[in-house]
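All remarks here apply to the structure that follows.
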Amino acid sequence: MKILVLGSGGREHALAWKLAQSSKLQELFVAPGNAGTAKLGKNIPIGVNDFEAIKAFVIANSVDLVIVGPEDPLVNGVHDFFLEDKKLKGIPVIGPQKSAASLEGSKEFAKEFMMRHHIPTAQYKSFTAATINDAYTFMENLNAPYVLKADGLAAGKGVVILDNLEEAKAELRSMLLEEKFGAASTTVVIEEFLDGIELSVFVLTDGKNYKLLPTAKDYKRIGEGDTGLNTGGMGAISPVPFADKALMTQIEESIVKPTVEGLKKDNLPYKGFIFIGLIKVGEKAKVIEYNVRLGDPETEVVIPRIKNDLVTVFEAVANQKLNELDLQIDERTATTVMTVSGGYPGSYDKEKEIMGINAIEDSLVFHAGTKLLNDKIVTNGGRVIAITSYGSDFKEALKTSYKNVAKLSFDGMNFRKDIGFDL
Ligand code: AMP
Ligand code: GLY
């Protein structure tokens with residue numbers, strides 16, 4: 001099989017690493033890829049939203065399967081683009097169609113979906129500029145903190161949580177009246193604050209059947225002790241130690257099943273990953289968000305725990321035969337620690353030479369933001385390299401990840417030294 005993966009982060013490197021182990025793989029392309037994916041397949045200089053260029057490449061190279069990493073092309077309808085094209089429609093795409101991708105593309109759509117299918121989530125109401133006075137009244141009747149969510153995609157920055165009512169009102173004004181997040185904040189969802197611990201559940205569905213993938217916990221803040229600005233994710237652990245049988249049963253029965261059934265009832269075509277962000281409040285989990293893709297860096301711990309041939313898994317999704325697949329999960333814990341550029345998640349420099357990659361032993365190296373420059377591997381993003389390790393528990397796995405992170409260096413390199421601190 002000739003496979004094209006769209007994306008350029010640690011998630012796509014982890015997917016490429018796993019696909020490269022399949023005896024069914026004939027040729028692997030990654031668009032645009034990074035210095036890590038370049039070692040596993042061919043990097044193609046095409047952007048993930050350049051559908052016409054993707055089409056030309058897929059046809060010219062007889063690609064048999066396309067796997068979409070990030071949300072953008074899904075929300076922009078890349079899967080529909082394939083289905084609507086005479087030459088492309090027979091080529092399976094892993095990732096939901098546009099209508100279903102709205103679960104991530106519109107927070108309001110996701111909330112309405114959860115209400116319709118009785119899926120536990122925070123109480124909410126959505127507002128526009130025309131209803132801003134109602135929003136003030138709504139907030140005055142809520143307890144702090146106030147959770148404001150831009151409806152549309154805002155590069156992971158669209159959720160603002162504030163303790164002070166006046167500051168929250170000012171934030172709402174800047175979102176609704178001053179387009180703080182552009183068109184993404186013409187509608188804002190205001191919701192109840194859920195006080196608890198976060199975890200994520202990953203589901204793979206073919207639109208009829210589903211498989212639960214390993215759980216993971218991500219560390220989003222830049223600073224130790226979960227302080228400072230939000231990032232894309234500074235590290236992850238799988239499985240989540242507190243996700244015991246009772247919690248997983250509640251999640252599967254009251255969240256996963258109604259989600260997959262809801263997609264069918266609402267006629268939302270879905271062949272791909274569903275990433276469900278949860279907060280455990282007391283003994284029960286509630287949904288804070290849907291993402292229509294895998295997480296990054298969660299993929300760097302979830303994919304290494306899947307024992308099956310990944311090409312076979314994706315074939316089962318494409319053919320709606322996931323029910324026939326016996327998914328095998330590695331019992332070990334996997335952890336990943338992300339190294340990032342100095343200044344991230346604010347502004348940072350690129351093209352810093354990365355040293356020490358070859359010295360890494362007993363860990364997997366997943367490139368997130370790297371590229372080749374004159375035969376050297378240099379930084380090319382905020383998140384640079386994730387170091388994934390296995391262990392009998394998260395402490396043992398983290399020990400190995402940190403031992404190897406210490407061997408890496410580049411100008412300004414930063415990482416969190418406390419992944420797992422709250423477990
Ligand atoms: P999101 O961009 O939807 O992932 O939200 C960013 C972060 O905001 C989440 O990871 C949570 O930590 C937090 N968050 C979102 N919604 C809520 C909520 N209703 N209550 C508490 N925290 C929330
Ligand atoms: N790590 C969070 C995300 O991928 O959205």
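Start at 1 and go down the list; that is how both ligands and their atoms are numbered. All values below come from the heavy atoms of this structure, side chains included, with hydrogens, waters and symmetry mates left out.
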- Query: Which protein non-hydrogen atom lies closest to atom 8 (O) of ligand 1, naming both residue and atom, and how far is it?
  - Reply: V159 CG1, 3.6 Å
- For R293, does its backbone N or O pair with a side-chain atom of N291 as donor and acceptor, under 3.5 Å? no
- Query: Looking only at atom types and distance, does a side-chain atom of K407 sit under 3.5 Å from a main-chain N or O of A359, one as donor and one as acceptor?
  - Reply: yes
- Task: Using modelled atom types only, decide if a donor and an acceptor are shared between the side chain of Y219 and the backbone of G235 within a distance under 3.5 Å.
- Result: no
- Task: For D218, counting its heavy atoms only, list the atoms of ligand 2 lying under 4.0 Å from any of them.
- Result: 1 (N), 2 (C)
- More than 12 heavy atoms of other residues, nucleotides or ligands under 6.0 Å from CD of Q123: is that the case? no
- Message: On a heavy-atom basis, I'd like to know which of L148, V281, I190, I161 is closest to atom 13 (C) of ligand 1.
- Response: I161
- Query: Would you say D296 has any N or O atom under 3.5 Å from an N or O of ligand 2, going by distance alone?
  - Reply: yes
- Numbered atoms of ligand 1 (with element) below 4.0 Å of K220, judged on heavy atoms: 10 (O)
- Query: Is the backbone N or O of L364 less than 3.5 Å from a side-chain atom of T388, with the two atoms forming a donor-acceptor pair by type?
  - Reply: no
- Query: What about N291: any of its N or O atoms under 3.5 Å from an N or O on ligand 2?
  - Reply: no
- Just jot down the ligand 1 atoms closer than 4.0 angstrom to any heavy atom of F193, in number order. 20 (N), 21 (C), 22 (N)
- Query: Any nitrogen or oxygen of F275, main chain or side chain, under 3.5 Å from a nitrogen or oxygen of ligand 2?
  - Reply: no
- Message: Once you restrict to heavy atoms under 4.0 Å, what part of I279 touches ligand 1? Side chain, backbone, both or neither.
- Response: side chain
- Query: Between N230 and ligand 1, does any nitrogen or oxygen pair lie at a separation below 3.5 Å?
  - Reply: no
- Task: Give the intermediate values and the outcome of side chain to side chain contact (heavy atoms under 4.5 Å, CB included) for residues M139 and L165.
- Result: CA-CA 7 Å; M139 285 159 95; L165 181 62; 3.8 Å; yes
- Note on the structure: So for L194 against ligand 1, with non-hydrogen atoms under 4.0 Å, the contacting part is both
- Task: Give the atoms of ligand 2, by number and element, whose distance to some non-hydrogen atom of G295 is under 4.0 Å.
- Result: 4 (O)
- Flag the pair D393 and K395 as a salt bridge only when some basic side-chain nitrogen lies within less than 4.0 angstrom of an acidic carboxylate oxygen. no
- Which is closest to atom 5 (O) of ligand 2 in terms of heavy atoms, R11, E298, R293? R293
- How far is atom 1 (P) of ligand 1 from its nearest protein heavy atom, and which residue and atom name does that atom have? E289 OE1, 3.4 Å
- Message: Heavy-atom contact check, 4.0 Å cutoff: does K107 meet ligand 1?
- Response: yes
- In plain terms, say whether K403 and D362 are close enough for a salt bridge, that is, a side-chain N and a carboxylate O under 4.0 Å apart. yes
- Task: Say whether E178 and S174, considering side chains only, have a donor N or O and an acceptor N or O under 3.5 Å apart.
- Result: no
- Message: Counting only heavy atoms not in K307 (residues, nucleotides, ligands), do more than 12 fall under 6.0 Å from its NZ?
- Response: yes
- Task: Write out the residue and atom name of the closest protein heavy atom to atom 10 (O) of ligand 1, then the distance separating them to 0.1 Å.
- Result: E198 OE1, 2.8 Å
- Enumerated ligand 2 atoms positioned under 4.0 Å from heavy atoms of G232: 1 (N), 2 (C)
- Is it possible for you to check whether K417 lies under 6.0 Å from the centre of the six-membered ring of F415, through NZ or CZ, and within 45° of that ring's axis? yes
- Verify the distance criterion only: is there a donor paired with an acceptor across the side chains of S126 and E108 at less than 3.5 Å? yes
- Quick one: look up the protein heavy atom nearest atom 19 (N) of ligand 1 and list residue, atom name and how far away it is. E191 OE2, 2.7 Å
- Message: Heavy-atom pairs closer than 4.0 Å: do any link ligand 1 to the side chain of K149, the backbone, both, or neither?
- Response: side chain
